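Inspection log for the structure reproduced underneath, given as structure tokens.
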Amino acid sequence: MKTISCMNIGEDILYSYGGEIRQYKKGELIYREGDHALYYFQIVNGKVKLNNYDEEGKEFIHNIFGGKQSFGDSLLFLDKFYPTNAVCIGPSEIIRVPKEQFLKLIKTEPKFSLEMNACLSQRLYFKAIMLQSMASLNPASRLTGLLDYLKSYHDDSCGSCFQVELTRQQIANLVGLRVETVIRALKKMGKEGYITIENRKIIY
DNA sequence: CCATTAACACGGT
DNA sequence: ACCGTGTTAATGG
């Protein structure tokens, strides 16, 4: 599979179009579900999750992004409200570019427009994969769906040396299962040889 | 904070 | 009646 950097416009370019960098603390909210999209966000370093909560208060994580990735981009073209919150998982530095400036940027520099198409396509593609695996009642299918997604993202081309950086709780919230179920299923998958687990790290 | 385990309730097959 | 998941609680890292 092709590796896609999934976004990463040069920082200098972002700054020249009105981008500003901001520091966020762990747990800090970048935007809230229901807000209007006003900025393009690109992570310099740190980690961000997109989430929301169901009626019972159970968290569902839609995605987790790391360095050099952008998030919330689709709303820049849509004049709708954010369907999720964006929350920093750890201390992070993020560049934000005002929406209008960003639109001007990609109009002026068509190669970024193309890259953005590739990026959004990739996210759509894996949303479909995830949706399919999430429709399964079987925890193992949901987990392999997530693992495939993460692996392709993290552009590892070696056989089975991709280390999952997520906590079990985060995994559980990404696939809609309880953490205990995730632990039980992962252990079974390890025993059956689909994954390897060494000192609590998942290798796929 | 996170991971693991056990005991139990409960629903589906 | 069995199996797997969620719930709760205890324990260890």
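First the proteins, then the strands, lettered A, B, ... as listed; each starts at 1. What you see is a predicted model, and the numbers here were worked out from it, not measured in a lab. The basis for the numbers below is simple: all heavy atoms, side chains too, and nothing from hydrogens, waters or symmetry mates.
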Aromatic plane relationship, A:Tyr149 with A:Phe126 - under 30° parallel, 30 to 60° tilted, over 60° perpendicular: perpendicular

In whole Å, I'd like the distance from the CG atom of A:Leu143 to the C1' atom of C:dT5. 13 Å

Does the structure place the NZ or CZ of A:Lys151 under 6.0 Å from the centre of the six-membered ring of A:Tyr204, at an angle of no more than 45° from the ring's axis? yes

Relative to the ring of A:Phe41, is the ring of A:Tyr31 parallel (under 30°), tilted (30 to 60°) or perpendicular (over 60°)? tilted

Please answer: with hydrophobic residues joined when any side-chain heavy atoms are less than 4.5 Å apart, are A:Leu147 and A:Ile183 in the same cluster? no

C:dG13 P sits how many Å from A:Lys201 NZ, rounded? 17 Å

Quick tally for nucleotides 1-12 of chain B: nucleotides whose base has a protein heavy atom under 4.0 Å get B, sugar-phosphate-only ones S, the rest -, giving -SSBB-------

Can you list everything that forms a side chain to side chain contact (heavy atoms under 4.5 Å, CB included) with A:Glu109? Sequence neighbours excluded, please. A:Tyr17, A:Leu105, A:Lys111, A:Phe112

Just how far, in rounded Å, is P of C:dG6 from NZ of A:Lys58? 7 Å

